Each structure stands twice: as C-alpha cells, then as structure tokens.
Amino acid sequence: MDIQQKDLSYFRLRLQELLYTSFPEKAHDHKFIEQRSSWAANAYEGAFRSGNPIDQCDEIANYILFEGLRFSKLDTIFQVVCNEFDTIMADEELRPFTLKMFPVCEPVFSGYELTDGFANGPEFDLLYTEITGTIAIWIEENGLQ
C-alpha cells in the first residue's frame, strides 16, 4: 500500500506542476487531478507487473497522466508575448502579463479544434497571428498597466 500511495503522490505532483504552469484553468480541479493520478499509478503498476521495462511503464503512465494536456493555451500566449512583445516590457513582467492576457485571448481559441498535436499543425500559425493581434489591440487600448 505504501508503494502504491507513493506512486499516486508522485503522479499527482507531476500533474499538479504541469497544471499550475500551463493549464491554470484546470489547476484547482481536484477531482480531475485525483482521477488522472490514480489512473496513471494503476497503469504504471499494471505495466510493471506485466513485466514491461521501467521506461515503457513510465511511457504508459505518462500517456494517461497527460492525455489532452499537450497543447496549452497559456503556453501559446506566453510564446506570443515573449516573441512579439518582449521589447516593451521587462523579462519579469512577461509571465504576469501573459496571465493577464489569458482571459482576453480565451475567445480566440474557440475558433480552433485544439488537440495534443495542434501546435505542429497548419492552423497554429493562424492562431498565433490572431493572438498577436488580440494582444496588440488590447495594449493599444489599455496600455501595459
């Protein structure tokens, strides 16, 4: 039981770290966190008991733990802010400004089917351009504040 509990804690912490840094809209969804962590721990244990090598057990558990969490809206906005607006603000302001822009840019994402592989697809450039424009208009209307 201690080993399973430790595994569950490990997966929970890994998932929480990702959610806090890249998916703030899910960071406080305790049911989601507990369920995914439990599934990943069980998958790891099952893969291990079936004789799979450790790296394959990790791969199986990670697939379950991070499914649907490969494309991050926040990371995309942060990428735009860093690439397009970094000259108008200090480095330490980039992340806070990105968090401020998250709700402003949220409607832009609704026009796209966001999958784990979206960032590698052809529509990503269109999304990137739309987010850049949305942020530029917001700055023009509101300043950096």
Side-chain angles (χ1 to χ4, degrees), residues 3-48 52-145:
I3 293 171
Q4 185 179 16
Q5 199 61 20
K6 181 179 178 184
D7 289 342
L8 183 59
S9 175
Y10 168 77
F11 290 114
R12 183 183 308 113
L13 290 172
R14 289 191 62 216
L15 182 58
Q16 285 175 326
E17 179 183 9
L18 176 70
L19 296 179
Y20 284 125
T21 59
S22 298
F23 296 90
E25 69 277 16
K26 293 184 180 285
H28 300 290
D29 187 343
H30 300 293
K31 182 179 178 184
F32 174 79
I33 293 167
E34 291 303 314
Q35 187 174 52
R36 276 293 176 91
S37 302
S38 178
W39 289 349
N42 290 337
Y44 183 93
E45 183 179 349
F48 184 78
N52 291 293
I54 298 295
D55 59 337
Q56 191 170 9
C57 296
D58 285 336
E59 189 177 318
I60 292 166
N62 286 339
Y63 179 82
I64 291 170
L65 190 64
F66 301 124
E67 183 180 6
L69 300 173
R70 307 242 189 273
F71 179 81
S72 165
K73 295 175 186 179
L74 185 67
D75 289 348
T76 302
I77 297 167
F78 185 65
Q79 180 182 359
V80 170
V81 169
C82 289
N83 292 344
E84 308 299 333
F85 303 100
D86 64 322
T87 59
I88 62 172
M89 64 185 85
D91 287 350
E92 62 272 6
E93 296 172 331
L94 296 172
R95 175 108 173 133
F97 184 75
T98 297
L99 291 169
K100 184 187 287 189
M101 289 297 98
F102 187 77
V104 172
C105 295
E106 183 76 31
V108 175
F109 291 99
S110 66
Y112 297 90
E113 186 178 336
L114 305 175
T115 61
D116 281 347
F118 181 81
N120 301 321
E123 288 192 312
F124 180 77
D125 290 341
L126 293 172
L127 174 67
Y128 185 98
T129 302
E130 278 192 65
I131 291 172
T132 302
T134 299
I135 293 171
I137 291 168
W138 190 92
I139 291 172
E140 187 176 302
E141 292 175 353
N142 300 287
L144 287 177
Q145 300 179 4

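Values below: every heavy atom of this structure, side chains too, minus hydrogens, waters and symmetry copies. A quick note: this is a predicted structure, and the numbers were derived from the prediction, not measured.
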inquiry  = Can you pull out every salt bridge (charged side-chain N to carboxylate O under 4.0 Å, His left out) where at least one residue sits in residues 13-29? Sequence neighbours excluded, please.
reply    = none
message = As an exercise, state the distance from CG of D55 to CD1 of I60, rounded to the nearest 0.5 Å.
response = 9.5 Å
note = The side chain to side chain donor-acceptor pair (under 3.5 Å) partners of E106 (sequence neighbours excluded) come to K73
note = Looking only at heavy atoms, the pair that brings G143 and W138 closest together is O-CZ3, 3.2 Å
request  = Heavy atoms only: give me the nearest C57-A47 pair and the separation to one decimal.
outcome  = SG-C, 3.6 Å
key: Test item: F109 and I77 side chains (from C-beta on) under 4.5 Å apart, heavy atoms   = yes
request  = Specify the closest pair of heavy atoms between S37 and L15, including all atoms of both residues, with the distance to one decimal.
outcome  = OG-CD2, 4.1 Å
key: Set of side chain to side chain contact (heavy atoms under 4.5 Å, CB included) partners for I139, sequence neighbours left out   = F85, I88, F97, I135, L144
inquiry  = Please enumerate all residues that pass side chain to side chain donor-acceptor pair (under 3.5 Å) together with Q56, with sequence neighbours excluded.
reply    = none
query = For the residue pair L74 and T21, what are the closest heavy atoms and their distance?
reply = CD2-O, 3.4 Å
key: Approximate separation, where rounding is to 0.5 Å, of D58 CG and N52 CG   = 11.0 Å
task = Any chance you could measure T98, atom OG1, to Q79, atom CD, to the nearest 0.5 Å?
result = 11.0 Å
query = Can you name the residues that form a side chain to side chain donor-acceptor pair (under 3.5 Å) with S22, not counting sequence neighbours?
reply = D75
request  = Check the pair W39, L65 against side chain to side chain contact (heavy atoms under 4.5 Å, CB included), reporting the backbone distance first and the verdict last.
outcome  = CA-CA 7 Å; W39 289 349; L65 190 64; over 6 Å; no
query = Which pairs, with at least one residue in residues 57-82 and sequence neighbours excluded, count as a ring-ring contact (aromatic ring centres under 6.0 Å, His included)?
reply = F71-F118
inquiry  = Run the side chain to side chain donor-acceptor pair (under 3.5 Å) test against Y112 and tell me which residues pass, sequence neighbours left out.
reply    = E130
task = For E84 and Y128, test the side chains for any donor-to-acceptor distance below 3.5 angstrom and give the result as yes or no.
result = yes
task = Taking the side chain as every heavy atom from C-beta outward, state whether V80 and M101 have any pair of such atoms under 4.5 Å apart.
result = no
request  = State which residues pass ring pair (Phe, Tyr, Trp, His ring centres under 6.0 Å) with Y20; sequence neighbours excluded, sorted by chain then number.
outcome  = H28
message = If the condition is side chain to side chain contact (heavy atoms under 4.5 Å, CB included), which residues does N120 pass it with, not counting sequence neighbours?
response = none
Minimum heavy-atom distance C82-L94, with the two atoms named = SG-CD1, 3.9 Å
key: 4.5 Å side-chain heavy-atom contact, L19 and Q16   = no
key: S38 side-chain N/O to E34 backbone N/O, donor-acceptor pair under 3.5 Å   = no
query = With side chains defined as the heavy atoms from C-beta onward, is the minimum distance between Y44 and N62 less than 4.5 Å?
reply = no
query = Rounded to the nearest 0.5 Å, how far does CG of L13 lie from CD1 of I33?
reply = 10.5 Å
ask   = Pairs in or reaching into residues 85-96: which pass salt bridge (charged side-chain N to carboxylate O under 4.0 Å, His left out), with residues at least two apart or in two chains?
value = none
